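As the structure is a prediction and not an experimental result, all values here were calculated from the model. Letters A, B, ... mirror the listed sequences (proteins, then strands); counts begin at 1.
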Amino acid sequence: MSNGQKRALIAAGVVVAVLVLPFAIALATRPPATIDAVASPLVGKPAPQISGKSLLTGSPVSLAEYRGRFVVVNFFASWCDPCGQEAPELDSFAYEHRDGSAEVLGVVFQDESSTAAQFLQKTGGTYPAVQDPGSKIAIDYGIKGPPETFLVAPNGMVVAHFDGPVTRLGLDSYIAKAEREGL
Amino acid sequence: MSSAGVTAEGVTAERSEFSGKSRYQIVGVWVLLGAIAAVTMYLGVHRVPIGAVNARRIAQLESELKCPVCNDISVAQSEVKVASDMRSQIASFVNKGMSDVQVEQYYEARYGRQILLSPPRSGFAGLVWVLPAVVVVAAGALGGWVLFVRRSEIEMPVPAVGTSKETVTELPNQKVQLDPKRKHKNRWVLVTGIACLIAGLSFFVIRTLGGSSQSRLPSGSITGSTKLSKGQEVTQLLADAKILASDGRYPEATNAYSQVLAIEPRQAEALAYKGWLLQLAGKAGNDPKLVGQAASYERAALKASPRYPDAAFFLGSIELEDYHDVPAAITQFNVFLGDSPSPQLVEIAKPEIQRAFGAEGKPSPV
């Protein structure tokens, strides 16, 4: 192979790399469209009660008041890196369902109220989140480490449990599945 | 085979007696055994003070439940917040009268079976707790029965009626009873053996599953009649913690102090002695973090009760032994000696105080 041919081959390789690399990066960093639910003894059972004051507004919040709508219960903490990844997705999900078809309810896991509130402001989270004194809510939901998320059906039953970051599309797919099952 | 003591008259008399009198004897024996089991269980339940029983049950549950956010360590061993909250919750459940099984089921319903470090006490897996006792009872009963049958009914020659003891004609496969006196003795050996077996098993069952039987009663006590006030609960827990610490059962004593602090977060004695136990654990495990926590507890105890000599001594000890800060240790020892400490604690503190003052070239006040 002549020097000219070698240079042409290298140049072609570089061009291909330049074209392919952005796609590869985009695909690698894009949130997955599907998320996998994991087992939980709570699935198929009534969701344990959640109530408290919203970290951002101070107004009273309770899971019971969302009866009749899908609710995404998300356990998070400011010190949890994956929570930072999923927060924009949850905010996007909350915005998508601003008509009231579904709600997001955050629960602080082992974190100070002030730092958790700062975390929500920083990540753009506008959905209500409550503090969990005595870890009662976390124990009731069997939390092993944030982020953990539960999907609660309009009838108040837990339909799915996710261990790790969730995505808007993934949550939507589980809601669609639950609706198909008549929940 | 010897035929000593066996006569045809004896056999006939024994057979006729067995059908009527023996039946009542057997019923009487079983009534007696039932009474022994009942009395043993009653004594087993009531011989331990309520608070000590609850403290022991709480410590046991904490060691059987896994810390949910940790790697295979129990709630008792973990210092993370959820584990600490679970400890408070367990203490509260037990004091409210929930049984051990109910407490375990509460966590299992939320976390799944993996929250239990030992097999559950209910359901199919719960058989592992019961089967050994059942096997022992069954083996004992079978063994006893075989012994009874073999000793009381022996294949031996039956003398023909009217013949003398010396002229015996053998008739194989006919059963005869032993001499009534010997049979009676065998029966009482058997009864005593079964009674001992039942008594031992009763104690075993109470000690293993004691919590579940006690707390079926409605209130926070095993008698079902007394509900302790918060003050009484704290006093009881502090007494339990002292006993546990003096027995060298430090993790359980630490848990008892933690329970006090769950009720009264500024209780000086619980703060000071939990700090002392953390210091011991920190030294044993060469863990400066635990020693740091110990110092924080002592400072919190002194903040809650500035004239509490025990906390001053413990903090002085940490300053001297762990931080090697002799002047700070001497300051705390002076506070300790100025606050009317108990003579026993002064005796314990003496070597450290002498060492601290000696290191500064000062005469020791003790």
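- When the salt bridge (Lys or Arg N to Asp or Glu O under 4.0 Å) test is applied to Arg69(A), the partners found at least two apart in sequence or on another chain are Glu103(A).
- For the atom pair Gln5(A) CD and Arg7(A) CZ, the distance stands at 11.5 Å (nearest 0.5 Å).
- In this model, no donor atom of one side chain and acceptor atom of the other lie less than 3.5 Å apart for Asp91(A) and Thr123(A).
- Atoms CD1 and OG1, from Ile35(A) and Thr167(A) in turn, are 5.0 Å apart once rounded to the nearest 0.5 Å.
- By number of non-hydrogen pairs under 4.5 angstrom with chain B, the leading residue of Gly145(A), Pro133(A), Pro48(A), Pro41(A) is Pro41(A).
- Heavy-atom pairs under 4.5 Å with chain A peak, among Gln89(B), Arg110(B), Met86(B), Lys81(B), at Arg110(B).
- Interface with chain A: from residues 271-279 of chain B, no residue qualifies, criterion being any non-hydrogen pair under 4.5 Å.
- How far OH of Tyr127(A) is from CG of Asn74(A): 5.5 Å, rounded to the nearest 0.5 Å.
- The CG atom of Asp111(A) lies 9.5 Å from the SG atom of Cys83(A); values are rounded to the nearest 0.5 Å.
- With hydrogens and angles left out, the side-chain atoms of Tyr250(B) and Asn255(B) include no donor and acceptor closer than 3.5 Å.
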